[in-house]
Amino acid sequence: MHQQPTSNSRRHFIQSLTGLGGATLAGSLLPATLQARSPLLTAANPSAGHIFTASPYLQYAAPGSMVVMFITNLLSYSWVEYGETSSLGQKAHSVTNGLVDAYNRVNRIRLNNLKPGTTYYYRVVSKEITGFEPYKLTYGNTLESEVYSFTTPAENGKAMRCLILNDIHDRPHSIPHLVQMNGEEPYDFVFFNGDIFDYQTSEQQIVDHMLQPCISSFASAKPFMYVRGNHETRGKFSRDLHHYFCNPQGNQFYTFSWGPVHFTVLDTGEDKTDDTPVYAGIVDFDAYRREQQQWLSEVMQSRPFKKASFKVVLMHIPPFYSGDWHGTMHCRELFNPLFNKYRIDMCISGHTHKYGVHPPVKEQHQYPIVIGGGPKEGQRTLIRLHADARNLRLTMLDDSGKEVGNYMVSK
């Protein structure tokens, strides 16, 4: 029989929570240690007032949808106004289990039921919440961005053009420099292939060293996606990094198709063994990579993979040409047999800080492996990947704009 707790036992329960740092927030019991740790539950800089810490940046796009993200300094209720003209006219906000997402700062809002291949205009609006009681919510100032625009991908598009950057390593000036090297060439999205940071310590680092350089260069008009490198697993804020991005399927490893290309994105984890002392026993990447191996086998037997004209894998640590570190060898053991069996067309990586284009080697990898450059000036690279129904062409430029590699796959 279930026994109702007495008032004394209930008091003891609450006192126990208080002894662990318990506190009441918005009607819920939540340990203060978690409140202090979460970037979503506290103001970033109360003295700065109601401002955008990061103005809008676009994430994963599909023919009928676009994800808009932005960050406010204070806890707020936020939404997106959008439409096919600059007069906008439609509104979207995010809802979880019937509750509109509010009293938060990091906003991820998906615009659904969009028309493929269509230009939309949008702005983001945020209304500060100054008081959030169980039966009374108090608003403060309202903040609006300027109006931006984006174009949705075409349905069954015939072409794909993207830019790929890797190994920025906390050098934010490299992002606009490399993107600007593309000149006036059209592109659909940007992909960051790992090690954008050395390690993660705070939200401000994420904003200053990645989001803001992307926003100032392209990200309010063109979406970007990313995959972690081994350096994105390091630092106390690494476990919060996922809040600031929206990858397809909401995961760190994922797939997506754009035009004639099916992309498989693998999260290769750390490059050293899990028991390496600096990890202090709190990583488990071997099991994580084995999980991805099973998932990868299923992906490569799926209809979207089979019907795509080209199959491209994006992964930070390459399965070859990266020494005999544990991460490389484990990726080779788990993934390379599947790459060969299901005949991928190209693998694009980073990690080594030494750019190169490695053609297929019959007894090893039956697909080309392309590795982008490193973070230092003179070693940085921009990879352009273009595809139509018949050709997949990769061109790699160094940071002076000189072509330093290329590869073509034709059907």
Side-chain angles (χ1 to χ4, degrees), residues 60-64 116-117 151-166 182 185-191 193 222-223 225 227 248-249 253-266 292 295-315 318-321 331-332 335-350 355-372 381-397 403-411:
Y60 174 57
T151 301
T152 52
E155 189 78 56
N156 301 315
K158 304 300 182 183
M160 184 284 308
R161 308 173 188 87
C162 72
L163 307 178
I164 301 173
L165 289 73
N166 60 276
N182 187 59
E185 290 291 319
Y187 65 96
D188 301 311
F189 64 94
V190 175
F191 187 86
N193 208 359
K222 303 280 188 180
M225 287 170 280
V227 70
Q249 295 110 57
F253 55 92
Y254 52 93
T255 67
F256 66 98
S257 295
W258 201 298
V261 182
H262 180 280
F263 290 94
T264 304
V265 181
L266 294 171
Q292 291 180 74
W295 169 84
L296 180 64
S297 177
E298 296 170 1
V299 164
M300 292 185 166
Q301 297 176 69
S302 69
R303 177 174 172 78
F305 181 89
K306 290 179 178 180
K307 75 176 186 179
S309 298
F310 298 100
K311 292 91 169 171
V312 174
V313 171
L314 300 166
M315 55 193 294
F320 292 87
Y321 311 107
C331 287
R332 184 183 306 174
F335 304 139
N336 185 60
L338 294 172
F339 295 166
N340 286 334
K341 178 179 179 179
Y342 293 105
R343 303 178 64 84
I344 69 168
D345 293 294
M346 188 176 293
C347 175
I348 304 175
S349 297
Y355 59 76
V357 177
H358 305 276
V361 177
K362 185 175 181 180
E363 300 302 323
Q364 296 180 1
H365 53 93
Q366 298 162 21
Y367 52 90
I369 296 175
V370 179
I371 301 175
T381 57
L382 173 70
I383 293 175
R384 293 169 166 168
L385 190 65
H386 294 180
D388 56 31
R390 300 189 61 183
N391 297 300
L392 175 71
R393 178 176 178 81
L394 179 143
T395 305
M396 183 157 49
L397 308 178
E403 183 177 313
V404 292
N406 64 76
Y407 201 90
M408 172 84 81
V409 178
S410 298
K411 297 295 185 181

| Glu298 side chain to Ser302 side chain, donor-acceptor N/O pair below 3.5 angstrom | no
Between [Y] and [X], is there a side-chain heavy-atom distance shorter than 4.5 Å?
X: Pro368; Y: Pro359; answer: no
X: His358; Y: Phe320; answer: no
X: Met300; Y: Val313; answer: yes
X: Met315; Y: Phe335; answer: yes
X: Val370; Y: Ile383; answer: yes
X: Leu382; Y: Leu163; answer: yes

| Just one of Lys311, Arg393, Lys411 clears the salt bridge (charged side-chain N to carboxylate O under 4.0 Å, His left out) bar with Asp345, so which one? | Lys411
Just how far is it from atom [atom1] of [X] to atom [atom2] of [Y], taken to the nearest 0.5 Å?
X: Ile164; Y: Arg384; atom1: CD1; atom2: CZ; value: 12.5 Å
X: Tyr342; Y: Gln301; atom1: OH; atom2: CD; value: 3.5 Å
X: Tyr187; Y: Asn182; atom1: OH; atom2: CG; value: 7.0 Å
X: Asp388; Y: Phe310; atom1: CG; atom2: CZ; value: 7.0 Å
X: His262; Y: Lys307; atom1: NE2; atom2: NZ; value: 10.0 Å
X: Leu385; Y: Arg161; atom1: CG; atom2: CZ; value: 11.5 Å

Taking [Y]'s backbone N and O only, do any of them form a donor-acceptor pair with [X]'s side chain (distance below 3.5 Å, no angle check)?
X: Asn193; Y: Ile348; result: yes
X: Thr255; Y: Thr264; result: no
X: Thr381; Y: Leu397; result: no
X: Asn336; Y: His365; result: no

| task | Check the angle between the aromatic planes of Tyr367 and Phe339 and answer parallel, tilted or perpendicular using the 30° and 60° thresholds. | result | perpendicular
| Plane angle bin for Phe191 and Tyr254 - parallel if under 30°, tilted between 30 and 60°, otherwise perpendicular | tilted
If you look at every heavy atom in [X] and [Y], which pair is closest and at what distance?
X: Cys162; Y: Met160; answer: N-SD, 3.7 Å
X: Phe256; Y: Val265; answer: CE2-CG2, 4.0 Å
X: Gly350; Y: Pro318; answer: O-CD, 3.6 Å
X: Pro153; Y: Ala62; answer: CD-O, 3.2 Å
X: Trp258; Y: Pro223; answer: CH2-CG, 4.3 Å
X: Glu155; Y: Pro63; answer: OE1-CB, 3.7 Å

| request: Carefully, step by step, assess Ile369 and Tyr407 under the rule side chain to side chain contact (heavy atoms under 4.5 Å, CB included). | output: CA-CA 10 Å; Ile369 296 175; Tyr407 201 90; over 6 Å; no
| note | Applying side chain to side chain donor-acceptor pair (under 3.5 Å) to Thr395 and not counting sequence neighbours gives none
